[in-house]
Number of protein chains: 2
Amino acid sequence: MKTRRANSRDKILAAAADVAREAGPGSLSLDAVASRAGVSKGGLLYNFPTKAKLMQGLVENYLRAFELALESGRVAGASGESLLATYIRLSADDCEEPKPTASWMFSAIAEDPDFLTPIKAFKSQLLQRLKSETPDLKALLVCFLAIEGLRSMNLFDSDVLSADERRLLVSALLEIAG
Amino acid sequence: MKTRRANSRDKILAAAADVAREAGPGSLSLDAVASRAGVSKGGLLYNFPTKAKLMQGLVENYLRAFELALESGRVAGASGESLLATYIRLSADDCEEPKPTASWMFSAIAEDPDFLTPIKAFKSQLLQRLKSETPDLKALLVCFLAIEGLRSMNLFDSDVLSADERRLLVSALLEIAG
DNA sequence: CTTACTGTACCGTCTGGACGGTCTTGTCAA
DNA sequence: TTGACAAGACCGTCCAGACGGTACAGTAAG
């Protein structure tokens, strides 16, 4: 890409996610991120000229990672597996971890709700793709929304479901998805 | 309750929700809420001594309203309707409105993620109740999570689903719920 | 006299961001 | 090979503004 030395950008992005998760989304200040990343505030501002740019970087990073995971999940999955099934599997794995990985999203929303726009667009596009590949729209909607629910629970750190229940749900969804 | 004059408390709560929705969850300051509620800052601090108390009030208000709606929904619904079906209907109605009514939740999370605890507890309890009344656990989980997904979409102001699709989803869920 | 405020002035803290300086690395002419 | 210099990457400090919260004097209703 661009950076020649150690990649500060990624360190900063990771640090921001850590801070949001551990200190709470309201405590995601530039100072906190900089010190967590082992970088001075000046250095942080060099990589991300404004806080908004930092948030944007977080969002883009997130979307890119998800896209990549979806692609490589398609390859790794059983051949003939539908995209919907891959998506279900992948999301279930994501939600396996007890701690939410995307608390920073709340910080972004607080900063400016428009940061959600790319995420909405991504989801919209994904649903579109799924629709074109899935014959049963009803089943698709149910699965898609249920996964959305699972993701939101993970995001909110809601341990309402037990691990067993989560597994049961996923198997039920895969069954519905066909 | 306690208040004798015009109920400032409710006005303030409503104003806080409005500010969060219109100006963004990050702009929920005491000053903004006070001026929106047509109340002086002193008056606001009289009703809610700290910002945290305000958030708590918002959460409690929300939960109380939901509980009430669920109860009156049980009465209003077709006799013999299961609790799960009532919950689905109710949530679908909630999500009919295009604009999210609970943006303040993001402010609360930013303030302190622990404000979610009562909400988590409420949901946990609701699921427990549903489990004891629903024979098919699989179906219950699918429906519960799908509704959760629908709610989260509404919260995030995600118009990924069209109105038709939403209706189709709800009818599918009611079918699954039996 | 108490309750339920209003209105204003004020304080300490925190935060985003601007700014100027510094160290390192790559380039290129002599 | 070397020395000059430009650009890139980062440091550390400072500041204006916003925010939560306090204090207090006043007042209208019951």
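Since this is a predicted model, take the numbers as computed values, not measurements. Proteins get letters first, then strands, A, B, ... in listed order; numbering begins at 1 in each.
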In this structure, how many angstroms lie between the [atom2] atom of [N] and the [atom1] atom of [X], rounded?
| X | N | atom1 | atom2 | value |
| --- | --- | --- | --- | --- |
| B:Glu111 | D:dG21 | CD | P | 7 Å |
| B:Asn7 | C:dC5 | CG | C1' | 13 Å |
| B:Tyr46 | D:dG20 | OH | C1' | 20 Å |

Open item on the list: Walk me through whether B:Leu84 and B:Cys143 qualify under side-chain contact (heavy atoms from CB on, under 4.5 Å).
Closed with: CA-CA 8 Å; B:Leu84 179 55; B:Cys143 288; 4.2 Å; yes

Open item on the list: Any heavy-atom pair between the side chains of A:Phe156 and A:Phe106 that's under 4.5 Å?
Closed with: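 Yes - at least one pair of side-chain heavy atoms lies under 4.5 Å apart.
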
Task: Sidechain-backbone polar pair: B:Lys53 side chain, B:Leu45 backbone, donor-acceptor under 3.5 Å - done: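 Not confirmed, B:Lys53 side chain does not pair with B:Leu45 backbone.
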
Task: Donor-acceptor contact below 3.5 Å, side chain A:Asp136 vs main chain A:Ala139 - done: yes

TODO: Could you identify which residues of residues 48-56 of chain B place a heavy atom less than 4.0 Å from some atom of DNA chain D, listed by residue number, or say none?
DONE: B:Thr50, B:Lys51

Task: Residues A:Arg89, A:Glu81: salt bridge by 4.0 Å N-O rule - done: yes

Task: Minimum-distance pair of heavy atoms, taken over all atoms of A:Ala92 and A:Leu150 - done: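 Looks like CA-CD2, 4.4 Å.
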
TODO: Please report the shortest heavy-atom distance between A:Pro98 and A:Asp157, naming the atom on each side.
DONE: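 Shortest heavy-atom separation between A:Pro98 and A:Asp157 comes out as O-OD1, 3.4 Å.
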
Open item on the list: Just N and O in the side chain of B:Ser8: are any of them under 4.0 Å from OP1 or OP2 of C:dC5?
Closed with: yes

Task: D:dA9 phosphate, OP1 or OP2, under 4.0 Å from A:Asn47 side-chain N/O - done: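 Answer is no, no contact under 4.0 Å.
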
Task: Short side-chain donor-acceptor distance under 3.5 Å, B:Ser91 and B:Arg151 - done: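 Judged by distance alone, the side chains do pair up.
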
Task: Neighbours of DNA chain C within residues 28-45 of chain A, by heavy-atom distance under 4.0 Å - done: A:Leu28, A:Ser29, A:Leu30, A:Lys41

